[in-house]
Amino acid sequence: MKHRIILLFFLCTVFLTACGNRSESATITPESPWPSHAPDATPYVRLQSETSGMPAPKNGQGQADHYESYEDFIHSIYAEEGNFYGKDWELQMFRDLPQDEPYPFVIHTYAMLQGADTIDDHIALAQKFVELGCEAKVKEMRSVEDGKEYLAWVTIITTTPSHLWELSGSLEEQLHVEQLYQSVDIRFDTVVWPEE
């Protein structure tokens with residue numbers, strides 16, 4: 001009798017666990033169009049007031065590495081593809097996508113990554129990519145911190161990966177490229193260019 005009660009308890013536990021997992025998995029939606037291994041990151045938006053106190057990176061012996069420029073620092077931590085750079089796994093993911101289907105990509109200049117950007121910088125970058133045959137838009141995010149309002153922008157282009165690789169070899173300026181995370185697309189909720 002004792003064994004039957006234990007077995008019945010075990011079966012109920014397994015049944016309830018399975019039911020719980022099924023309903024939980026039904027609510028999970030993949031971050032389309034990116035493959036499921038792409039992380040659901042929420043990139044940090046650096047405010048201009050924070051950029052001056054950026055800590056120096058440390059080398060293997062706990063000492064700060066010295067770089068001649070911000071560009072040298074970027075080259076030390078990112079992979080490159082022509083004149084684009086980004087996380088190595090992300091660039092590989094772009095190579096693994098169907099090369100003739102359009103996808104949204106986020107583009108940053110060095111100045112944008114450092115927080116030294118304006119809306120005009122983003123519009124000029126978006127216009128450059130429109131001239132190169134891409135769809136482009138600039139989105140804005142407003143936030144309030146300690147009673148002060150802050151604005152941030154993101155430049156989004158839509159093109160095929162094959163066209164993206166062509167552009168990476170023809171641009172003069174090096175640009176950071178990454179996927180358009182759903183969390184970023186939601187936070188930057190206002191299209192400011194092109195005006196509708």
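One is the number of the first residue; the rest follow in order along the sequence.
A side-chain contact (heavy atoms from CB on, under 4.5 Å) with Ile157 is found for exactly one of Val177, Val106, Ile107, namely Ile107.
Atom CD of Gln92 has more than 12 neighbouring heavy atoms from other residues, nucleotides or ligands inside a 6.0 Å radius.
Considering all non-hydrogen atoms of both residues, Thr155 and His122 come closest at OG1-ND1, 2.7 Å. Minimum heavy-atom separation, Leu164 to Phe84: O-CE1, 3.2 Å. Contact between Leu91 and Ala79 at its shortest, heavy atoms only, is CD1-O, 3.6 Å. Nearest heavy-atom pair, Thr109 versus Leu175, reported as atom, atom and distance to 0.1 Å: CG2-CD2, 3.7 Å. A pairwise comparison of heavy atoms in Ala116 and Asp121 identifies O-OD2, 4.0 Å as the closest pair.
Between Trp89 atom CH2 and Asp96 atom CG the span is 12.0 Å, to the nearest 0.5 Å. Note that OG of Ser69 and OH of Tyr110 are 7.5 Å apart. Values are rounded to the nearest 0.5 Å.
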N/O donor-acceptor pairs under 3.5 Å from side chains in residues 124-133, not counting sequence neighbours:
none

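Residues forming a salt bridge (Lys or Arg N to Asp or Glu O under 4.0 Å) with Glu80 (at least two apart in sequence, or on another chain): none. Remark: Glu81 engages Arg95 in a salt bridge (Lys or Arg N to Asp or Glu O under 4.0 Å) (not counting sequence neighbours). Scanning for salt bridge (Lys or Arg N to Asp or Glu O under 4.0 Å) contacts around Asp120 gives an empty result, with sequence neighbours left out. Annotation: salt bridge (Lys or Arg N to Asp or Glu O under 4.0 Å) contacts of Glu68 (sequence neighbours excluded): none. Residues passing the side chain to side chain contact (heavy atoms under 4.5 Å, CB included) test with Asp185, sequence neighbours excluded: Lys139, Ile156, Leu180.
No side-chain donor-acceptor contact under 3.5 Å links Glu173 to the backbone of Leu171.
Using a cut-off of 4.0 Å between Lys/Arg side-chain N and Asp/Glu carboxylate O, Arg142 and Glu140 are scored as salt-bridged. The pair Glu178-Lys87 does not meet the salt-bridge criterion, since no charged nitrogen lies less than 4.0 angstrom from a carboxylate oxygen.
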| Run the side chain to side chain contact (heavy atoms under 4.5 Å, CB included) check on Thr160 and Tyr103 step by step: do they pass? | CA-CA 6 Å; Thr160 64; Tyr103 295 94; over 6 Å; no
| request: I would like to know whether Ser168 and Glu166 meet side chain to side chain contact (heavy atoms under 4.5 Å, CB included); could you show each step before the answer? | output: CA-CA 5 Å; Ser168 74; Glu166 289 174 22; over 6 Å; no
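The aromatic rings of Tyr85 and His176 stand perpendicular to each other, their planes meeting at an angle above 60°, with 30° marking the opposite boundary. Aromatic ring pairs are classed by plane angle as parallel below 30°, tilted from 30° to 60° and perpendicular above 60°; the pair Phe73 and Tyr67 is perpendicular.
Considering only heavy atoms from C-beta on, Thr159 stays 4.5 Å or farther from Pro102 through its side chain. Taking 4.5 Å as the limit, every side-chain heavy atom of Phe105 sits out of range of all side-chain heavy atoms of Cys134. Contact of the Asp117 side chain with the Trp153 side chain is registered, since non-hydrogen atoms from C-beta on lie closer than 4.5 Å.
Following chains of ILVMFWY side-chain contacts shorter than 4.5 Å, one cannot reach Met141 starting from Val191, and the two form parts of different hydrophobic clusters.
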